[in-house]
Structure formats: structure tokens, C-alpha cells
Amino acid sequence: MSGPAAVPRSLVDNPLVSQWLALRQDGTVRLAVGKVELGQGILTALAQIAAEELDVELSRIQVVAGDTRDCPDEWYTAGSFSVQVSGAAVRQAAAQARRLFLDAAAQRLGGVASELVVEDGTITLRVEPVSTASTSYWALLDEVDLRVPVAAAALPAWRGPGRIVGRDAPRLDLPGKIAGSGFIHDMDLPGMLHARVVRPPAPGARLRQAPEAVTGALGVLRDGDFLAIWAADEFSAVRAAERLRRAAVWDVPEASVCSPQPEELTKWPARTTEVHAHHRTNGAGDGSDLRAVYTRPYTAHAAIGPCCAIARFASDGSGVLVWTHSQGVFPLRAQLARVFGLALDRVDVVHAHGAGCYGHNGADDAALDAALVARATQGAPVRVVWSREDEFAWSPASSAMRVALDASIHEGRISRWRLDVWSGPHGQRPGWNGDVNLLAAGHLATPFVSRPLEADVAPALGGGGDRNAVAPYDIADHEVHYHFIPDLPLRVSSLRTLGGFANVFAIESFMDELAEAAGADPLDFRLAHLTDPRARDVLQAVWDLASLTPETPAEGLLGRGLAFSRYKNSAAYAAVVAEVELAEQVSLSRVWCVVDAGLAINPDGVRNQMEGGIIQAASWTLKEALPIDALGVTARSWDDYPILRFDEVPLVRVEVLQRGDQPPLGVGEAAHGPTAAAIANAVARAAGVRVRDLPLTRDRIAAVLASG
Amino acid sequence: MTARTILKVNGATHEVDADPAMPLLYVLRNLLHLKATRFGCGSGACGACTVVIEDRAQTSCNLPVEAVAGRAVTTLEGLAPAGQLHPIQSAMLACQAAQCGYCVSGVVMAAASLLDKHPSVLTRGEIAAALAGNLCRCGAQARMLDAIEAAAAAREAA
């Protein structure tokens, strides 16, 4: 996936230029992509790449994304792959289109393509001494056929900043959203009905009896344990669903087994793989040893806007169109087709913007919910919105994890290092493991059951629980083992960074502990074990940046902490310094970050993503733990799952190290791990004691302090 | 059961036939087709549905429509004349103060109400405290505070 000659996966799957680009009579350029807007600004970045490569103004680019009818299949928007894979594909397709138009222009104008200059689509041939001949993309539309494969011609290496790429560009979708429009929740179709699902009171509950009609509802749908109503208006639907919920009788299973808390993970059946084994010595420990165990709890996506979908079935049941904010419209389409027994080409899935998407949330499930009810309404479109309670209860969660570290220091350097990580799965998306993996599908009379996973997210995709488990440091004897727990009662899947958050939190906390044991400064200790100059640069730069600001005067205990990571060891480099004050509360006062994303396509977009990642990660680190019991998630409201509030947000300063000569790297998940560890290291410095279990709440810190 | 209710929204008078218990949020979105006010939780805990009733910012998801009969309601759509942006909105855009953007309407309404009530300059901490009831999950709060500070300062300077 690197180097100018490598063909991006998205082009292998969608080889024709016309699948990506269309130039139109009105002077606009339609850019179709399979990656979708999740709030991360990717569509703007892809538009910048296309505009740069085509030599047109950014304003000419109109992006359509995630429509299975006429957009490329780019699988999921996940893993921080978009700018690297889709960006490369868009660049190649646009370059090919430009070549084709220049060839046509050369024919028309005489001359050779290489002599032509393009500016905002106008193509000029300089004819000595002073006159010019010109044409344009728009004048040549009839002469250029873009239904040709993108030639795998080697593009020059990325170089920037260019005219548009590498420069700040305002988000294309924000004006609409700031003015109050643009979400899937706002869609209003003629004749649209409103549906709500009444979910089982606990996983495994069986529906014994439910009324066939409910006041205020136009209809009740029961299919096995799947229960829903639809109504003419939204409020009626909400109230009818509540009536149905109260009237339905369920057989709830005897208390099932509760999913393990972090300290219990080692007792669960696991499959162990050796992720990394690198031995330069005979392995003999010959120095001071240090061991530590770090943990993180289950956490939730908890987006502000609940999941939503709209579906319209053909009245004869022969096909369905679904609007969704799913990360993967093509995989969703395949599973919807499977559930309904339809041919693929009878199922259309169209992406519309939802609230923030941070991984495998309930969007795909809501799509099936809407389609199931739509099948019962004789062709009327059906809109489903999840309640806040259902968001907490039924969205996939992110797995608890335990990371055990064991290392030796010899003459000031790490001589031996072993990391063991225990985790549940980090990916169980629709279609994975050969299963439908849609919530309602498991509740139907003829259910599609999700079986325990064969494996976690593959190494080629960056791994799951083992993501970032291999530390980036130069260590003579370095072992990493992953104890994958495939069968947790709780439904867990991908949340931003997957296993990366916990592994980086552990590794970077441990580096500080080792530095202290070695009597070394945390920055120097890391630099002593890093040869990658890009890693060294972000670390030194963030320390220098933070040093410009004197420590905030504080009434309580103050501390600063440092951390570094390269997401997946292949995406963006990020170093973070956090400053905390421990007084009545744990207060995160400031965070600094330096990020190297190679050629940052949209530097302000990169900054925005990193700031957001820092604040979100601060919330995970300081506050979040999803309460569960044997029947599943018990959280039902924001009171049960507090997140970082406006008055708890730090001052944040992010600097982007623009590396115009390096390929762009994904930043969407680069901030989280280092932020957690920087905060933990700051707390340790402030409190004088080390807390190794997330979240780092005031009570937890106080308990560690009290235990001496 | 429906009742005819007179509503004053964004300076216009509307007669709606609605269940008196229908939350104002649904009346705004579904009967008046004003989509900027958003559903987040249904219990007033996240602020996504914030509107201004007379001069007070309030959540609308847990406010029955009968409680606002005859009282001036302002939504995001009514903050500025059609086609224009309120200074806070302009500042949000200039600062690119959003990720997914879902919480923005509620934040802007709460902030607009705050600025209207406070002619003198507010500190960042005061703005943040006033927004404690508005949740943002993407982490755009820092930029939003920058934007609101900038809008407040511009107003002060004007």
C-alpha cells in the first residue's frame, strides 16, 4: 500500500476511471467514492486530491459517496485507511482522466500533450511567439471516454503542499450542518411512516406474547422475537412502542454468565498467538526487572445522535432501498440481501450523514430494523430512530482488555520485554466470520445466529486486540503474545483504535515506569530506544512545544506526562504531552500534540481530527466505563455513562509536521493511545503514585494514594 | 387526542393540531418542518435539542408543547434572517468548530442565549460552565469555545 507503483486496493476493485469521475457540461466534476463522511472530513480531503490532480478549482468538485447504485465499492470507512487507500485511488483516477483529456486536446490543438498547460480545466498550447491555442475539459467531453481502466502508470511520488493539497480547506459539509441541515435524521419522504423497535429486555429473552394491535400504531410486526410498531407520526410511534413494550411478555433466561471484568479476563478460554518474537541475545535477563499490569474497561460509542435508517421496500417485496449512516454500505447490502433472500442487485444502500461514527455502532442494525418494517408496509417508506436507552443497551461495545508487561533494564537500556494482552473481539461487522451479524437478524423466527469468531481482526488490517501491541522501540529481546477471547456474552466490536488504545496506554505508561527505574528522563529514555527519525522528531517537537508554556499555577498537585505512538505502526505518528492538576477533581488543564501524517492533505483537517481525538480519548481515560451485568449493558442514560463535559475540556494545541515528500497517513485514530498514556504519566508525576486501571477517576487515584 | 395550540416560533405564529403532551422537539421537526433542532436523548440530558423560550435556553425534547403555547420560541433557523448566519454560527464556520456537527445546533442556541444575557465579556471558563449541559462526543468543544469567545469579543468590540 505504499510507493508510487502499488495499485491501491480500491482501484483493483473499481478499475474504470468512470467509476470515480465524471466531468459534466455545467463545468462540475462528479467525484464518486466509497468512503463516507463520518465527521472526519474525508470527503473534503478526497475532493482536494481530485482537484489538485485534475488542475481544477476545488469548487468544481461535487462528491457523492457511499451509494451502492453508482459509487465504487471501497468496503468500510474504517481503520484510518481512507486517505491512504481511497486518496491514492482518487489520485490515480484523476491523473488518468487528465491524461486522457490532454491527449484529446493535443489532437485538437496540434502539439503534444506534454506541451499543454491546464488551469482550472482550461487547456492551453503555447504557440510561439506569442499566440496560444486553447480548449478545455468541458469542450472535449464528447471526445473523451472515461470508461477505461485506470492505468497502473507510476505516478510521481506525493509531493506537497501543492495548489490545493497540503493546504487548509474548509469542510464541504459544515456550512449546511452549522446552518441546521444535512443529517439522515432530517430526511422526510412523502408518505413516510415512523417505526420503533421493542427490543428484548435482555439478550436471549424469548417473546412469549405480544398484542397484534396497539393504540396509536398502524401496525405491529412480530417475527420471532423481533417486535416493532409503525405509526403515521413520530410521537405516536414513540408512545405506541412504549405501550407495546409494557404489554409484551418475555421469557427472560436464568441469569447468564456476566462478561469478564478486566481482572477476570485471564480466566476465560482464549486462543494464544505469538504476535512478535524477536531475539538478538540468548534471552537471559541480566538487569533489574519490572512488571506491571494495565487494564481498560468496556466502553461505549455513545454518539450524541442515535442510530437512524429509512427503508422503502417495493410493494411486491422484490427489492429494497435503504438510507443509512453505516460505515460499510456494500457489506451491509450483502447481508440485507441475505436476510431478505434477495439478489444483490435488488438491494440498494445509500449513505447519509449520521452523528459521529467511531466504529461499528448500531447503524447497520437500524438499517435492518427499518427494512423489516418496510417490508410490512406495502411500499411506504419507513423511518427508524433508536432511543437513547437502546443506544446504550444494544450498540456493540468495545472490549475490556488486560495488558501485562514484563521487562528488564540493563545498563540503562531495555534488554528484554514481554507483552501479553488479553481481549475479546474487536470486529464482528455484518458479514464477518460468515455471519450476518445484524441485531434483529438474530431475533427473527428463522434467526441468523452469530457464532463465536474464528479470529480477531486480521494482522493485514492492523490487528484487533493486538493492534499496536508491538512497541516501536529498539529492544534486543522482544516478545508479544495475544490471548484472544473469542466468545464473550457481551456483543463487542470495533471502536476507534480497536486494541490500540489499551496497548499504547500500557506501553507508554510502562516506558515511564522503566525510565524511572533506570533513573532516566522520560523523553531521553524513549529517544534512546528509537531510530525512526520521524518518531524522534514528533517526540522532541512536542516536548519543545509544551516547554514554551510554564506550568499552570495550581492549587493542587500538578504534573505533566509524555507519550508517543505510531498508529498501527504504519499510520500517523503522534506525540502528546498532557498536564493534569489533582485537587478536588482530576483536571486535565492542557494537552499538546505534534503529529506527522506525511503529506497532510488538509492540515487544518488533520489538526481538527487530532484535537477531537485528544478530547475524546481524555473522556475515555478519565471517565468512561460501561456498566454491565449478566444480562448485558445496564447503562440507559447519560447519567449512567458520563462523558467529558465542556467545563472539563483542556486547552489543546496541535501542531502538524507537514512532510510534503511523504505519502499521506491516516490520522483519525492517532491521538487516542498517546493521550491516554500522557494523562496517566501526568497523573503519576502529580500524585507520586501510578494508576494502571482505566478510567483514571478521582476515586481510583485517591484509593491508590491511600493504599500507600 | 389533539388540541389546537398557538405557537410563536421564530417570529411567526403557527396553529398546530397536536397532542398537548407532544414534546416541542417533535412539533418543531415534524409539524413545522424545522429540522435544525435535534433529538439526542429524549430526557433533556444532552442539550442537542436546545431552543430558546422567551429569553431562556431550554431543552425541547422533554417540554410538552402545551407548556409553550403563546410564548416566543426561537430555534436555530430563527437566529438570523433567512440566508444569513448568526455571529456565533459564522465564528463556528470560521474556526471549523465541528466534527460530525450533530451537537452544533444545541450548542449555538445555548451560546446565543448566554451572549444575549451577558453584555460584558465572558471568560472561557464562564462560557464552558454555561455549556455544561451540552454534550459533544467528537471532541470539538475546544474549537467551539474558541468560536464563541471570538463571537463574544467581536460583539463587545462592535
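Any value given below was found using the heavy atoms of this structure, including those in side chains, with hydrogens, waters and symmetry copies removed. Numbers restart at 1 for each chain; the letters A, B, ... are given by sequence-line order, proteins then strands. Here the structure is a predicted model, which is why all the values come from computation and not from measurement.
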* **Toward chain A: residues of residues 50-82 of chain B with heavy atoms under 4.5 Å** =>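 Under the 4.5 Å heavy-atom cut-off, B:Leu76 qualify.
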For [X], is it the side chain, the backbone, both, or neither that has a heavy atom closer than 4.5 Å to a heavy atom of chain A?
| X | result |
| --- | --- |
| B:Asp146 | neither |
| B:Ala45 | both |
| B:His33 | side chain |

* **Residue pair A:Glu234 / B:Asn30, side-chain donor-acceptor N/O under 3.5 Å** =>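 Yes, B:Asn30 and A:Glu234 have a side-chain donor paired with an acceptor closer than 3.5 Å.
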* Asked: Side chains of B:Gln99 and A:Gln609: do they bring a donor and an acceptor to under 3.5 Å?
  ->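 Yes - a donor-acceptor pair under 3.5 Å links their side chains.
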[X] versus chain B, heavy atoms under 4.5 Å apart: side chain, backbone, both or neither?
| X | answer |
| --- | --- |
| A:Ala300 | backbone |
| A:Leu38 | backbone |
| A:Asp186 | both |

With sequence neighbours excluded, residues passing side chain to side chain donor-acceptor pair (under 3.5 Å) with [X]:
| X | answer |
| --- | --- |
| A:Arg653 | A:Glu655 |
| A:Arg645 | none |
| B:Ser105 | none |

* Asked: How about B:Tyr102 and A:His353: are their ring centres within less than 6.0 Å of each other?
  ->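 Ring centres of A:His353 and B:Tyr102 not closer than 6.0 Å.
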* Asked: Would you find a donor on one side and an acceptor on the other, under 3.5 Å apart, between the side chain of B:Gln89 and the backbone of A:Ile178?
  -> yes
* Sidechain N-carboxylate O distance under 4.0 Å for A:Asp604, B:Arg143 -> yes
* Is any side-chain N of the basic residue among B:Arg137 and A:Glu391 closer than 4.0 Å to the acidic one's carboxylate O? -> no
